[in-house]
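Counting starts at 1 for both ligands and their atoms, in listed order.
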Amino acid sequence: MSMNKSIIPIFIPHVGCPHDCSFCNQKRIAGERREVSGKELSETIDTYLSTITNDKASIEVAFYGGSFTGLPLDNQRELLMPAYRAKEAGKIDDIRLSTRPDYINDKVLSEIYKLGVSTIELGVQSTNDEVLIKNLRGHSSQDVEMAVNLIKAYNIQLGLQMMIGLLGDTPETIAETVKDFIKWRPNFVRIYPTIVIKDTHLEELYNLGIYKPMDLEEVISIGKDALLAFNTANIPVIRMGLQSTEEITYGVGIVAGPYHPAYRELVETEIFRDKIQREFDKEDIKNSQEIVIYCNKRDPSKVAGYKKSNKDYFTHKYKLKSLKIKITDQLMEGELVVKNDSDN
Ligand code: SF4
């Protein structure tokens, strides 16, 4: 998960996905897609490799698009072979794919492990069985646990994806999912707020008034609790919100829901607003009008907040004459100290 990672993305259409998960439009647009051949894939990899200029970067071939291990084994082999060869030749470092929890078993794992797959991302979405059923996922929380244990037994890196605001979700069911994820100790997590997308089951339920998406405020507040919990457990959250490539590639049509292009920034803004507030609550700065907030070099934009909203918020709330943000290497990422500016 280093910053120095170059990704060669390969999009695998969900040909023949037998499921119809409430939030997903793959089934209904699958007819428009075609299969990718091994030969094409070789060429794609070579083309990408010729454009990568950062020679310090580790290079990963990543198969996007759902249920890789749901493909017939021959098909999986054909797709993995070009990546495997590139890995054997030292041209790439990692191979990643994503799949459903119930498409993981020992046979599949031993095959793809031999073909160099180093990371598997599971689309879990929720570990609450009722939520899984309501959203037509077609797998249970037990399937998730089994898949997690098998992948870990193979020493393959594990990523888990969860959603916030599915049909039947409450803050409690989401907290339950976060807790289960932490217990399983994945190598990384992705969090997606549920958006109502055109041509999905959720869209129908939304139009009937049966499904009501969470509002932005609620998914920020729940996302905040989730991110804090994963941070505390030292589990990297590598993505919060829709990925732009997904939107572009799949031509997603957003019908309703808490979509925001800067979702993660909004969550981090609130986390830092809380931190700053706790500092302001301390007696010794309560009456000062000139304030300086010290933070680690990674954090000034989070301290200031999305579109400087934290800065504006505190300036207004405490009628400050000035609020400065200064970097110091005395503080770790996430730590901050608030002082009266006239003190030093
Ligand atoms: S989320 Fe995955 S499993 Fe569910 S319908 Fe979409 S492609 Fe199929």
Side-chain angles (χ1 to χ4, degrees), residues 9-36 62-73 75-76 79 96-105 108 112 117 119-148 151 158-169 173-174 177 181 189-206 211 213 239 241-243 245-255 257 259:
I10 314 282
F11 293 93
I12 301 298
H14 299 246
V15 182
C17 174
H19 297 278
D20 201 5
C21 302
S22 66
F23 50 85
C24 178
N25 65 355
Q26 292 311 302
K27 191 162 193 167
R28 301 177 200 204
I29 63 173
E32 298 161 21
R33 319 268 211 92
R34 50 189 199 83
E35 290 189 37
V36 187
F63 292 91
Y64 290 101
S67 313
F68 190 93
T69 58
L71 295 169
L73 258 181
N75 226 230
Q76 293 183 48
L79 291 171
R96 165 157 61 105
L97 54 84
S98 56
T99 196
R100 289 169 53 88
D102 55 342
Y103 288 174
I104 289 292
N105 57 52
V108 160
I112 63 179
V117 171
T119 304
I120 296 179
E121 283 199 50
L122 289 180
V124 175
Q125 320 319 356
S126 172
T127 60
N128 179 286
D129 280 311
E130 234 171 276
V131 172
L132 290 173
I133 289 168
K134 279 192 175 148
N135 292 278
L136 314 177
R137 281 289 293 167
H139 70 76
S140 66
S141 60
Q142 214 187 334
D143 292 324
V144 180
E145 186 148 24
M146 219 171 56
V148 164
I151 291 167
L158 172 68
L160 297 176
Q161 303 172 355
M162 63 175 283
M163 291 176 75
I164 291 179
L166 287 166
L167 180 63
D169 250 341
T173 60
I174 298 159
T177 300
F181 277 23
V189 167
R190 291 180 204 259
I191 301 175
Y192 301 107
T194 309
I195 311 294
V196 181
I197 288 169
K198 208 171 163 316
D199 296 326
T200 61
H201 185 55
L202 268 193
E203 184 193 20
E204 286 160 17
L205 297 180
Y206 171 74
Y211 174 69
R239 177 81 208 173
L242 276 185
Q243 213 161 348
T245 50
E246 287 159 17
E247 291 152 60
I248 294 158
T249 311
Y250 298 134
V252 163
I254 296 167
V255 175
Y259 176 70

Asks: Do any of the N/O/S atoms of His19, backbone or side chain, fall under 2.8 Å from atom 6 (Fe) of ligand 1?
Replies: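 Within the cut-off used here (under 2.8 Å), His19 places no N, O or S atom near atom 6 (Fe) of ligand 1.
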Asks: Just checking Phe63 against Phe68, ring centres under 6.0 Å apart?
Replies: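 Yes, ring centres under 6.0 Å apart.
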Asks: Donor-acceptor pair, Asn135 side chain versus Val131 backbone, under 3.5 Å?
Replies: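 Here the side-chain-to-backbone pair exists.
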Asks: Could you list which atoms of ligand 1 come closer than 4.0 Å to a heavy atom of Cys24?
Replies: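 Near Cys24, meaning under 4.0 Å from one of its heavy atoms, ligand 1 has 1 (S), 5 (S), 6 (Fe), 7 (S).
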Asks: Check salt bridge (Lys or Arg N to Asp or Glu O under 4.0 Å) between Asp143 and all other residues, then give those that pass, not counting sequence neighbours.
Replies: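 Listed in chain order: nothing, the list is empty.
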Asks: I need the atoms of ligand 1 closer than 4.0 Å to a non-hydrogen atom of Arg100, numbered in the order shown.
Replies: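 The list of qualifying atoms is 3 (S).
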Asks: Counting from 1, what ligand 1 atoms have a heavy atom of Arg137 closer than 4.0 Å?
Replies: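 Checking each atom against Arg137, I get 1 (S), 4 (Fe).
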Asks: Counting distance only, does the side-chain N/O of Asn128 pair as donor-acceptor with the main-chain N or O of Glu130 below 3.5 Å?
Replies: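 Answer holds: yes.
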